[in-house]
Amino acid sequence: MRREYDAVIVGAGGAGLYAALEASSAGRVAVVSKLYPVRSHTGCAQGGIGAALGNLEEDHPEWHAFDTIKGGDYMVDQMAARILADEAVQAVYDLENMGLPFSRTPEGLIDQRRFGGHTRNFGEAPVRRACYAADRTGHMILQTLYQQCIKHEVDFYNEYFVVDLLLDGSSCVGLVVLELKTGELHTIRSKAVMLATGGFGRMFKTTSNAYANTGDGPALALRAGIPLEDMEFYQFHPTGIAGMGILITEAVRGEGGILRNRRGERFMEMYAPKLLDLAPRDLISKAILSELKAGNGMRGDRQIDDYVLLDATALGKKVVEEKIPDIADFCRTYLGIDPATDPIPVQPTAHYAMGGIPTDVHGRVLGAGGGACPGLYAAGECACVSVHGANRLGTNSLVDLVVFGRRAGRHIADYIAGASLRPLAAGSEDGARDKVKRLKTGRGAHGGAIREAMQKTMMEKVGIIREGEEGRSAVAEIEALRDEYRGARVDDAGAAFNTDLLELLELENLLDLALVTAHAAARREESRGGHTRDDFPERDDARWLKHSLVRLVSGVPEFSYKDVDTSLYPPKPRVY
Amino acid sequence: MLITFQIQRYDPEKDASPHFEDYEIELEPESRVLDGLVRIKTYVDGSLAFRKSCAHGICGSDAMLIDGEERLACKTLLRDLGAKPGGRIRIEPLKGLPLQRDLMVDQEKFFDAYRSVKPYLINDEPPGPKERIQSPAEREAIDEPTKCILCGSCYSACPVIREKNPEFLGPAAVLNASRFVFDSRDRGLPERLPALDRPDGIWACESKFRCTQVCPRGIKVTKSINLTKARIETLRSIKKKAMGDL
């Protein structure tokens, strides 16, 4: 492999590929991914990408920005949300022009549908804003961007795992990667490094996330001394397949699907009288939990693993097969039912990290002092701009990675034109080599058992509804698991394709992020968006309208805070 | 229920050739084959090597031979295999690609074939300030091939690659060419002909339909290939006629 690049992008999902395309116009760029191409989790996004094209009814980027801010329970940095909504429009046209096969209106325009929390005229009623390609919008974005990378001859290193970021002061000067095929470590010098590694839903037991979503980027940043932002805000999507966590897109409700409890009641009438089943996800997940606790789940046993029904039978066979064909396929495969005739059993599933690596609107990573780290970038789910605040609206993940992946790529292109490769300190691979050696000599529990224990703790104690004492007990349990990790065992002593070792490295990342997530959740004494505290049920702007920042110093969290940009819309009570 | 997974193992650092090992595990009829593999890796033998990611049939990582047929491990439930308590399930890597370790094969050749057909929109006409117009019917014409997840199942199942011509581009590459050839916005067929219109290209396909039978996305791969063949023949006859008119 080449050892010197102008820019290295870590992660081959939407944000990484878009950044690579933009940056490759200015220099030699490589994409490093632990997966083969087009395996990244962007491909699993289903329902749509929000942009105020106004193809079917009046819409404006201002409305989209407002919905994003209110949807995020006013933890959103508002100028960043304006950029998100404004640039979404051109981003969607650009994707179409690149060849993305959007579904179409009878006139041949990009078709748009309703999605949760997206409204006309500042909350009046749902609006058709989500541009979509059936129910595989993310799949088509990922494929289209990869295809463009082929056209533009971007270098790919597939199945390379990043073990270390190399910093000189606060500047990023390169990285150390582990080649899965050989087990060898390689150092790559680079003027710029961008982290685009996606989410970390695998810290929870029930999740819509891929096995690969282990938070490698945020964990690398955290270990490099960079504070992570708003880690307590984690989204549980209301409709995962019961017992499995597989995502059932919100587009099912956008097309007319209805949530019902065991009595057949459309229970969202009680929780969000105006937007009903198209209220934001945090409200619907909490509503489902309330129903389960009241004994209105399908089993009626008041347990949190009970479930409700998503009834799409009114859509009819034709709409189901045309608008949500993959959902129909999942239902047939995993449940043995047809959603056109049978309701789908659903329960909330861990889905999306609103928090992550703090960046500015150019994707520059903000270090411990709040200033940008030269040469270090992040975008997509691993980053926190923050455009999602305390709760992300549906479709905005795809908007985020396209808009801010592209902005980061453009900034990288400018940056590398004026920067030069920096010398590396001797022994750049020593830390990584020691770590691998140490992991291979462990004699304790296998990493898999530690992983499952962590997922159980996080699901039960740092899930949808949290509480102070439980949070502190979660911290203690995760700390104990991190101790156990130090002696963890790999069964595989080999070098080539050692997936056992790879999973242990991923587990380290998950454990670090689980620890700061549990700490952050225990610390924030209010309920806002995706963070709900049983012991502090109200939003508390006076004390808590601020972003949290957490560093880990020898395993001990250090918290600081920064202001939320509320320059456009002053915080108001959130009613739907 | 107790099920035996009979898994092909091969460690290039230790083994001269692949062999099978048995693993008895407790699973439900609704369990995915992937759930069984993960359980073995977590609790029995962490050295078992296989690829996985999304675990619901979209990322394309875990195509393998399950009871002799190309399937995604995450999209195959034990009940789909008719598994009964005490039953056996045989698991092997995909065919037609170099074996790396256990259930992992080197997919570079598969992706090389995909990249060779220029799988991106080719159209130099300026698109205008907004989207290009495409009717729902024109969009529908490319719907099937856009479902492809590049899992490699069709490549493994193709009897032409296995028995006659290992240099055949393979079904997925041709399918993905067809995704653009039939896109009303694309003008790139002539540029794709060097890859397609040759003996190892589209003409190696003998319409055996194995690709269509195994596709975990239910894509009628053979049909797309045949439509593309017809389109190339039409282009040829137009060219020929144009030459004749001269």
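Lettering of chains follows the sequences in order, A, B, ..., and the numbering in each one begins at 1.
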Should we say atom CD of Glu125(B) is surrounded by more than 12 heavy atoms from elsewhere, each under 6.0 Å from it?
yes

Contact winner vs chain A - Phe50(B), Phe111(B), Phe180(B), heavy-atom pairs under 4.5 Å:
Phe111(B)

Report which part of Asp329(A) has an atom under 4.5 Å of a heavy atom belonging to chain B: side chain, backbone, both, or neither.
side chain

In terms of heavy-atom proximity below 4.5 Å to chain B, should Pro101(A) be classed as side chain, backbone, both, or neither?
both

Quick check for you: to the nearest 0.5 Å, what is the distance between His446(A) atom NE2 and Tyr43(B) atom OH?
10.5 Å

Among Gly336(A), Gly99(A), Gly448(A), residue most engaged with chain B (heavy-atom pairs, under 4.5 Å)
Gly99(A)

Count the heavy atoms of every other residue, nucleotide or ligand shown that sit under 6.0 Å from NZ of Lys205(A), and state whether that count exceeds 12.
no

Do Tyr146(A) and Arg115(B) meet the criterion of a side-chain donor-acceptor pair at a distance under 3.5 Å?
yes

Looking only at atom types and distance, does a side-chain atom of Arg139(B) sit under 3.5 Å from a main-chain N or O of Ala133(A), one as donor and one as acceptor?
no

Part of Arg39(A) lying under 4.5 Å from any heavy atom of chain B
both

Looking at Ser135(B), Gly128(B), Cys148(B), Ala49(B), which has the largest count of heavy-atom pairs under 4.5 Å with chain A?
Cys148(B)

Against chain A, label Asp106(B) side chain, backbone, both or neither, depending on which of its atoms sit under 4.5 Å from a heavy atom there.
both

What part of Lys14(B) lies closer than 4.5 angstrom to a heavy atom of chain A: side chain, backbone, both or neither?
neither

Do Leu150(B) and Tyr36(A) have side-chain heavy atoms sitting under 4.5 Å apart?
no

Top contributor to chain B contacts, counting heavy-atom pairs under 4.5 Å, from Gln90(A), Met244(A), Glu107(A), His41(A):
Met244(A)

Tell me, out of Gly57(B), Ala55(B), Pro119(B), who's got the most heavy-atom pairs with chain A below 4.5 Å.
Pro119(B)

For chain A, find which of Arg32(B), Gln100(B), Glu30(B), Met104(B) contributes the most heavy-atom pairs closer than 4.5 angstrom.
Gln100(B)

Which answer fits Val38(A), side chain, backbone, both or neither, if we ask what part of it has an atom under 4.5 Å from a heavy atom of chain B?
both

Using non-hydrogen atoms only, which part of Ala493(A) is less than 4.5 Å away from chain B: side chain, backbone, both, or neither?
neither

Side chain / backbone / both / neither for Lys41(B) at chain A, heavy atoms under 4.5 Å:
both

Where does Arg489(A) contact chain B at under 4.5 Å (heavy atoms): side chain, backbone, both or neither?
neither

Cys44(A), Gly43(A), Ala212(A): which one forms the most heavy-atom pairs within less than 4.5 Å of chain B?
Cys44(A)

Regarding Glu138(B) and Arg104(A), does a basic nitrogen lie under 4.0 Å from an acidic carboxylate oxygen?
no

Any donor and acceptor pair, going by atom type alone, linking the side chain of Gln143(A) with main-chain N or O of Thr146(B) inside 3.5 Å?
no

Applying side-chain contact (heavy atoms from CB on, under 4.5 Å) to Tyr334(A) and His56(B), what does each step give before you reach the verdict?
CA-CA 9 Å; Tyr334(A) 299 110; His56(B) 65 286; 3.8 Å; yes

Give, as side chain, backbone, both or neither, the part of Ile246(A) having an atom under 4.5 angstrom from any heavy atom of chain B.
side chain

Glu13(B) side chain vs Gly494(A) backbone, donor-acceptor pair below 3.5 Å:
no

Give, as side chain, backbone, both or neither, the part of Asn55(A) having an atom under 4.5 angstrom from any heavy atom of chain B.
side chain

Using heavy-atom distances under 4.5 Å, tell me whether Ile450(A) contacts chain B through its side chain, its backbone, both, or neither.
neither

For Gln107(B), which atoms come within 4.5 Å of any heavy atom of chain A: side chain, backbone, both, or neither?
both

May I have the step-by-step check of side-chain contact (heavy atoms from CB on, under 4.5 Å) for Phe330(A) and Lys75(B), ending in yes or no?
CA-CA 9 Å; Phe330(A) 299 153; Lys75(B) 220 182 164 184; 5.6 Å; no

From CA spacing to verdict: side-chain contact (heavy atoms from CB on, under 4.5 Å), Arg136(A), Ile58(B)
CA-CA 9 Å; Arg136(A) 49 180 187 283; Ile58(B) 298 298; over 6 Å; no

Go through it in stages, so that I can follow the logic: the residues are Tyr211(A) and Val38(B), the test is side-chain contact (heavy atoms from CB on, under 4.5 Å), and I'd like the CA-CA distance, side-chain angles, deciding distance and then a yes or no.
CA-CA 10 Å; Tyr211(A) 279 101; Val38(B) 169; 3.4 Å; yes

Where on Ser40(A) is there a heavy atom nearer than 4.5 Å to chain B: the side chain, the backbone, both, or neither?
neither

Residue Leu35(A) versus chain B: region with a heavy atom under 4.5 Å:
side chain

Just verifying a value: how many Å separate Glu131(B) CD and Leu95(A) CG, rounded to the nearest 0.5 Å?
12.0 Å

Any donor-acceptor N/O pair, Gln147(A) side chain to Leu121(B) backbone, under 3.5 Å
no

Counting only heavy atoms closer than 4.5 Å, note whether Leu335(A) contacts chain B via side chain, backbone, both or neither.
backbone

Tell me, for Asp143(B) versus chain A, whether the close heavy atoms (under 4.5 Å) come from the side chain, the backbone, both or neither.
both

Which atoms of Leu100(A) approach chain B - backbone, side chain, both or neither, heavy atom under 4.5 Å
backbone

Examine whether an atom of Ile142(B) lies under 4.5 Å from a heavy atom of chain A, and if so say whether it belongs to the side chain, the backbone or both; otherwise answer neither.
side chain

For Lys440(A), I'd like to know if atom NZ has over 12 heavy atoms of other residues, nucleotides or ligands within 6.0 Å.
yes

Please determine whether a side-chain nitrogen of the Lys or Arg among Arg217(B) and Asp326(A) lies less than 4.0 Å from a carboxylate oxygen of the Asp or Glu.
yes

Is Arg132(B) in contact with chain A via its backbone, its side chain, both, or neither, using a 4.5 Å heavy-atom distance?
both

If we count only N and O atoms by modelled type, under 3.5 Å, do the side chains of Thr499(A) and Arg101(B) hold a donor and an acceptor together?
no

Heavy-atom distance under 4.5 Å to chain B: side chain of Glu322(A), backbone, both or neither?
neither

How long is the gap from CD on Glu96(A) to NZ on Lys130(B), to the nearest 0.5 Å?
12.5 Å

I'd like to verify something: which residue of Ala137(B), Cys54(B), Cys151(B) has the highest number of heavy-atom pairs under 4.5 Å with chain A?
Cys54(B)

With a 4.5 angstrom heavy-atom cut-off, is it the side chain or the backbone of Leu48(B) that approaches chain A, or both, or neither?
backbone

